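All of these numbers come straight from a predicted model, not from anything done at the bench.
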Amino acid sequence: MHLSETAATARASVKIERHSIDYIPESERHATLAGQGPFWFLGNFHFFTISIGFVGPSLGLTAFWTTLAGALGIMFGTLFMAFHGAQGPQMGLPQMIQSRAQFGYRGVVLALAATLFVFAGFNVVNVSLIMDGLHKVFGLPRTLIAVVAIAAGACLAIFGHDLMHRAFRRALWLTLPLYALVTGALMLGVTGNAPSPLPGLGFSASAFAAQFAIAASYNIAYAPYVSDYSRYLPRRTNPRRLILAIFLGASLSGSWMIGLGAWLAQTLRATDALAALHQIGNALMPGFGSVLVVVSVAGFLPVIALNTYSAMLTLLTGVDSLRPIRPTRRARVITIMLISITILIFATSVPGSGVALLNTFLVLLLYFLVPWTSVNLVDYFFVRKGRYAIPHFFTPHGLYGAWGARGIAAYLVGFAAMIPFFNIVDAASQQPIFVGWAAQRLDGVDLAWLVGLAVSGAVYAVLARSLDLAAEDHAIQNIQGSDFAPAPRLEGDPS
């Protein structure tokens, strides 16, 4: 009996996830708070994050200043990411469905376009980094590398939430001792046949600000993801503990990996994370570098799945916003396959190195995401205080309407306010692509993200004063006692 029960459990555990953009009933909320910290720790615990540490030295910063700027930026960005995570168990919905409250049933397409760019773009850069690294280390064909990596991520995304959480846990225990070993070896000066350290590094305010902004954007970019992976938590989950678990997991690993990348760049002149790991590994033991590279790539595949899964949720939300659909397993699978094929086409055709793409991409995604995250968090924590009529997310004729003029206006005004502060540079050639007049007067220091956060949030807070919250509360009272009934209104400190 015990063996048959175990076999049945194993078979059940590999079923393709049934839900996508629909509501997760309380009876199916089987996730645990203990899984959130490790999940988001691994979200940053890989060679992609190491590559972010190469940016500071490439701009003239020492490893110390790069590590400091990266750690501060990661912690700042994680604050926004972690607060979004609290929305998952309270509402039982993917993150971008929730944005219909601010942007409207159809108007949310504006925010969806920005977030789909983030999810798909991240995977294009992810695969580009893997192709560069494995080609340099093993000489493998770049197209073959891309096909295998994208296919593995697609398979995990198809099976969905539970299998992805399991893959993240196993990848963490696989990579944690190896990255700890690499960090210790670098601290002890075990670098193999390394060239002389990079000369002429120091401190630059503009370079420090650039490294801070890139690190901040990296974790702010997780903001549209977080509820996707916390929505299976029970509604009774303590939001403070959840926010803390996400913050500690994502910020600790991110700071560690950026610091490791900074020291690899300064001491080894590294420009490719996998090649640098290969060198350090072989310096420790002949042949160990190859093992380190293979394990690093294998441990990174769940992150490709994470982007593919959230891109699927975003695309289905966008289609449903224009023409209602049934969120079936078949729709999930077809959408994931289409997204994966698109990512493959772009990853194998976009010119330039992975690191150069990474730098430019992170700056751009910050510009698109900052107004959305500001509007969404102000609405959730300060305007509606966690109280939403969930059935109304699924109709253009409900409380939130087809077009949320307040949210759309706040997003566009915030984005427009950022433009004078833009500082977009081609990372490969260091030639400016677009530098706003304010950024020129600030010697290239990019404060656009800060302006966008402040302006979008403030504009939405002012416009939201005209909302009829009493009417919304009345509608919410009509669904009390059902499985869609929201949690009590948040009071006091939003944390």
Side-chain angles (χ1 to χ4, degrees), residues 21 76-88 91 93-122 213 216-231 246 307 310-311 313-318 320-321 361-384 386 388 393 400-401 403-419 421-422 448-464 494:
I21 61 174
F76 181 83
T78 307
L79 281 174
F80 297 90
M81 165 192 171
F83 278 109
H84 281 291
Q87 299 171 355
M91 302 174 71
L93 294 169
Q95 185 69 65
M96 298 314 297
I97 283 282
Q98 302 170 21
S99 295
R100 285 175 171 172
Q102 301 93 48
F103 295 91
Y105 184 88
R106 305 197 193 285
V108 75
V109 171
L110 172 67
L112 293 173
T115 52
L116 187 60
F117 166 75
V118 170
F119 301 140
F122 255 130
S217 71
Y218 184 50
N219 269 10
I220 286 177
Y222 271 130
Y225 297 69
V226 192
S227 283
D228 299 348
Y229 305 97
S230 65
R231 72 193 200 278
I246 295 171
N307 288 298
S310 287
L313 293 175
T314 299
L315 187 55
L316 286 178
T317 301
D320 183 70
S321 296
F361 172 71
L362 286 175
V363 171
L364 289 174
L365 73 85
L366 185 63
Y367 297 156
F368 285 104
L369 281 184
V370 154
W372 166 79
T373 191
S374 183
V375 168
N376 184 266
L377 289 177
V378 167
D379 184 71
Y380 183 83
F381 285 106
F382 300 105
V383 177
R384 291 185 168 98
Y388 295 88
F393 284 118
Y400 309 118
W403 301 93
R406 298 172 184 85
I408 294 171
Y411 182 99
L412 294 176
V413 170
F415 190 87
M418 295 166 64
I419 293 174
F421 296 86
F422 283 0
W449 54 274
L450 187 58
V451 172
L453 284 172
V455 172
S456 294
V459 169
Y460 185 77
V462 171
L463 295 178

Between Y388 and D379, is a side-chain contact (heavy atoms from CB on, under 4.5 Å) present by the stated rule, with each step listed?
CA-CA 10 Å; Y388 295 88; D379 184 71; 2.6 Å; yes
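- Taking the six-membered ring wherever Trp is involved, the centroid distance between the rings of F422 and F415 falls below 6.0 Å.
- The shortest heavy-atom contact between S456 and A410 is OG-O, 3.3 Å.
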Do V455 and V451 pass the side-chain contact (heavy atoms from CB on, under 4.5 Å) test, and can you show the C-alpha distance, the side-chain angles, and the key distance before you say yes or no?
CA-CA 6 Å; V455 172; V451 172; 3.9 Å; yes
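- For the pair R384 and A101, the tightest heavy-atom approach, listed with the atom from each and the gap, is NH1-O, 3.4 Å.
- Between I97 atom CD1 and T314 atom OG1 the span is 9.5 Å, to the nearest 0.5 Å.
- Side-chain contact between V118 and F368: absent, with no pair of heavy atoms (C-beta onward) separated by less than 4.5 Å.
- Between the side chains of Y367 and S217, no donor-acceptor pair of N or O atoms lies under 3.5 Å.
- Note that CZ of F421 and CG of L450 are 9.0 Å apart. Values are rounded to the nearest 0.5 Å.
- Relative orientation of the Y222 and F122 rings is parallel, given thresholds of 30° and 60° on the angle between their planes.
- A distance of 11.5 Å separates OH in Y460 from CG in L377, rounded to the nearest 0.5 Å.
- Between the CE atom of M96 and the CG atom of L116 there is a distance of 10.0 Å, given to the nearest 0.5 Å.
- Here the straight-line distance linking atom CG of L369 with atom CG of N376 works out to 11.5 Å at 0.5 Å rounding.
- For an aromatic pair to be called close, the ring centres must be under 6.0 Å apart, and Y400 with Y105 fails this.
- For the pair S321 (side chain) and V109 (backbone), a donor-acceptor distance under 3.5 Å is absent.
- Annotation for P371 and M418: closest pair CG-SD, 3.9 Å, computed over non-hydrogen atoms.
- Between L93 and Q98, the shortest heavy-atom distance links the atoms O-NE2, 3.0 Å.
- Proximity of L453 to T373: side-chain heavy atoms (C-beta onward) are separated by under 4.5 Å at one or more points.
- In summary, the aromatic rings of W449 and F76 are positioned with their centroids under 6.0 Å apart.
- With S227 contributing its side chain and Q95 its backbone, the two residues share no donor-acceptor pair below 3.5 Å.
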Decide side chain to side chain donor-acceptor pair (under 3.5 Å) for T115 and W372; before the verdict, give the C-alpha distance in whole Å, the side-chain angles of both, and the deciding distance to 0.1 Å.
CA-CA 9 Å; T115 52; W372 166 79; over 6 Å; no
Going through the checks in order, is the side chain to side chain donor-acceptor pair (under 3.5 Å) test met by T317 and R100?
CA-CA 10 Å; T317 301; R100 285 175 171 172; 5.6 Å; no
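- Ring geometry, F103 versus Y411: the interplanar angle exceeds 60°, so the pair is classed perpendicular (tilted spans 30 to 60°).
- Atom CE of M81 is separated from atom NE2 of H84 by 10.5 Å, given to the nearest 0.5 angstrom.
- Taking each heavy atom of D228 and S310 in turn, the nearest pair found is OD2-OG, 2.9 Å.
- Using a 4.5 Å heavy-atom cutoff, the side chains of S374 and F80 are not in contact.
- Distance alone, capped at 3.5 Å, places no donor-acceptor pair between the R406 side chain and the A464 backbone.
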